[in-house]
Amino acid sequence: MALQFFNTLSRRKDDFVPLDPAGKKIGLYTCGPTVYNYAHIGNLRAFMFEDLLRRYLEYKGYAVTHVMNITDVEDKIIRTVRETGKPLREITDFYTQEFFRDLATLNIQRAHVIPRATETIPGMIALIAELIAKQHAYVGDDGSVYFSIKSFPAYGQLGHLDMENLQPGARVQHDEYAKESVADFALWKAWVETDGPVKWDSPWGPGRPGWHIECSVMSMAHLGPSFDIHCGGEDLVFPHHEDEIAQSEAATGKQFVKYWLHNAHLLVEGKKMSKSAGNFFTLRDLLAKGWTGREIRYLLLSGHYREQLNFTMDGLAGARSALQRIDEFLLKMQEAAGLGQPALPTAPVGRGGLTAPFLVAIETALDDDLNISGALGSIFEFIRDANKRTIPADAAACILATWRQIDKVLGFGIPAKSDVPAEVMALVDERQAARKAKNFKRSDEIRDQLKSQDWVIEDTPTGPRAKRL
Ligand SMILES: [Zn+2]
């Protein structure tokens with residue numbers, strides 16, 4: 001089966017065919033964070049899905065250019081400037097760095113190009129001027145520049161809006177607006193007093209760009225007027241992405257994006273996340289509760305991206321034990337293969353060998369619109385089967401090499417014996433020495449001491465192994 005994605009534009013699963021005639025290069029644009037606060041786990045789910053998408057495309061051999069913007073000027077940021085009295089750049093620099101830290105904690109790959117909106121303003125002014133020249137935009141009586149929806153008959157194609165029965169409303173200045181009121185939206189917002197020091201010069205007077213124009217300009221600047229994939233959370237379909245299409249296609253006359261992929265929302269403990277419900281979490285909140293980035297990655301990744309994910313503490317506990325099962329299996333394979341440490345990466349193996357059906361099952365699942373649950377199911381089935389058998393050294397080495405390939409997509413990392421802290425290893429060695437000397441009292445003491453630190457010792461044919469409780 002060919003690689004397929006559910007395309008919001010066509011509302012069906014489409015075969016993925018890159019625009020590049022050679023079928024190799026792919027342009028990918030993902031809407032980045034608005035940097036006025038810490039990202040919450042709902043935001044992070046979108047970045048996690050996009051990470052899986054990019055990793056799988058790369059696994060399939062595509063050369064992906066990934067562009068993600070930083071929205072560093074927007075209504076909420078200006079409100080924060082007003083409320084805190086801090087310069088815009090101080091606020092946005094701080095939260096941008098925090099965002100990058102979150103990505104690193106979750107092992108999410110950074111985009112290749114990460115433009116900032118405030119550094120792309122000349123390009124936005126040029127695109128707005130072009131839209132005015134082509135009569136797709138006009139200067140309103142408030143001095144702001146608006147996109148004229150009626151000048152673009154294809155408006156509503158992404159959100160599948162019933163434009164005939166929608167009464168175009170008044171103009172909107174806000175970056176977000178309700179679906180019931182399709183309205184001319186601001187491309188350039190004239191400066192008002194509440195904007196304080198946040199303003200740039202333009203042919204239409206001082207002001208700042210609207211949110212939607214940012215993404216049109218930053219994507220096309222790096223990926224060209226037409227590119228392959230644009231992603232975001234489903235809440236961005238309308239108006240943000242609809243408006244991006246209108247601005248871009250009205251200016252260029254070309255199809256802006258071939259495949260639009262959107263991830264579903266996340267619930268926390270079965271409810272919509274909100275500060276008042278007490279179920280609002282940033283990554284740092286979860287780390288403070290003792291969960292690791294790897295466990296949070298597993299949980300955020302484990303549900304299909306188009307299905308609502310219910311993020312719960314039980315789910316995190318499940319992620320912890322699932323990762324333990326994987327780790328134990330891989331450590332066992334390392335032992336069987338005679339490796340203390342993971343071997344250096346090697347060429348893909350196993351296609352013709354014992355892991356071939358395993359790889360086929362995973363690829364078949366992921367080719368089907370990134371069916372990660374199916375892929376994880378195959379992984380645990382494989383582990384269950386392999387655990388029932390004695391795996392010879394060459395087969396274990398083959399399994400490990402295959403796993404290294406798969407982990408390029410999953411990004412869980414591969415455990416090494418060094419994951420066990422040195423002081424724990426020292427106790428394990430001391431216990432082994434005590435046992436050899438038949439000093440069972442001492443060996444029991446060490447066992448209890450380790451247990452109090454949440455470690456147990458398993459005696460295996462190749463020697464003792466420390467395992468976290
Ligand atoms: Zn965007």
Side-chain angles (χ1 to χ4, degrees), residues 7-9 27-37 39-40 42-51 53-54 65-78 92 95-96 99 103 108 110-121 123-124 127-128 131 147 155-159 172-177 179 185-189 208-252 255-265 305:
N7 188 352
T8 309
L9 201 57
L28 168 67
Y29 185 84
T30 59
C31 287
T34 302
V35 284
Y36 70 104
N37 210 334
H40 58 64
N43 304 135
L44 293 170
R45 182 189 194 192
F47 300 112
M48 186 63 70
F49 140 64
E50 291 154 0
D51 187 56
L53 169 67
R54 174 175 150 192
T65 302
H66 178 195
V67 180
M68 185 199 73
N69 67 301
I70 299 283
T71 296
D72 61 351
V73 54
E74 188 261 0
D75 295 348
K76 291 186 285 288
I77 296 176
I78 291 174
T92 58
Y95 287 111
T96 302
F99 174 72
L103 295 190
I108 292 175
R110 271 203 212 187
H112 303 104
V113 190
I114 309 179
R116 299 175 71 116
T118 55
E119 288 168 0
T120 321
I121 288 182
M124 298 187 211
L127 186 66
I128 295 168
L131 287 169
F147 185 87
Y155 193 86
Q157 55 183 301
L158 186 69
V172 280
Q173 247 237 348
H174 302 297
D175 288 325
E176 291 167 74
Y177 53 99
K179 197 164 183 157
F185 56 91
L187 300 168
W188 185 262
K189 300 178 179 198
R208 61 186 166 103
W211 171 35
H212 316 303
I213 194 82
E214 292 179 8
C215 284
S216 284
V217 170
M218 289 189 267
S219 58
M220 292 196 290
H222 298 284
L223 300 171
S226 297
F227 58 92
D228 299 284
I229 309 176
H230 193 315
C231 301
E234 63 184 0
D235 53 321
L236 297 186
V237 173
F238 181 87
H240 185 53
H241 290 162
E242 195 74 60
D243 291 352
E244 278 187 44
I245 294 176
Q247 297 157 163
S248 309
E249 297 189 359
T252 67
Q255 183 176 32
F256 176 45
V257 171
K258 195 169 175 191
Y259 301 92
W260 286 89
L261 273 59
H262 292 98
N263 64 282
H265 280 150
Y305 75 95

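Below, all heavy atoms of this structure are taken into account, side chains as well, without hydrogens, waters or symmetry copies. Ligands are counted one by one from 1 in listed order, and the atoms in each one are counted from 1 as well.
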Trainee: Stepwise, does the side-chain contact (heavy atoms from CB on, under 4.5 Å) test hold for Leu28 with Cys231?
Mentor: CA-CA 8 Å; Leu28 168 67; Cys231 301; 3.9 Å; yes

Trainee: Keeping the roles fixed (side chain from Arg208, backbone from Thr118), state whether a donor-acceptor pair exists under 3.5 Å.
Mentor: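 Checking the backbone N and O of Thr118 against the side chain of Arg208, no donor-acceptor pair under 3.5 Å is found.
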
Trainee: Spell out, as yes or no, whether a donor-acceptor pair under 3.5 Å connects the side chain of Asn69 to the backbone of Cys215.
Mentor: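 No, because the side chain of Asn69 does not come within donor-acceptor range (under 3.5 Å) of the backbone of Cys215.
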
Trainee: Out of the candidates Met68, Met220, Met218, His66, only one should pair with Tyr29 under the side-chain contact (heavy atoms from CB on, under 4.5 Å) rule; please name it.
Mentor: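 Running side-chain contact (heavy atoms from CB on, under 4.5 Å) over Met68, Met220, Met218, His66 with Tyr29 returns exactly one hit, Met218.
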
Trainee: How far apart are the closest heavy atoms of Trp260 and Val257, and which atoms are they?
Mentor: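 Where Trp260 meets Val257 most closely, the heavy atoms are NE1-CB, 3.5 Å.
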
Trainee: Suppose the cut-off is 2.8 Å; how many protein N/O/S atoms fall inside it around the Zn ion (ligand 1)?
Mentor: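 That number is 3, waters not included.
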
Trainee: Is it true that a side-chain atom of Arg54 and a backbone atom of Arg110 form a donor plus acceptor pair closer than 3.5 Å?
Mentor: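 At least one qualifying donor-acceptor pair exists.
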
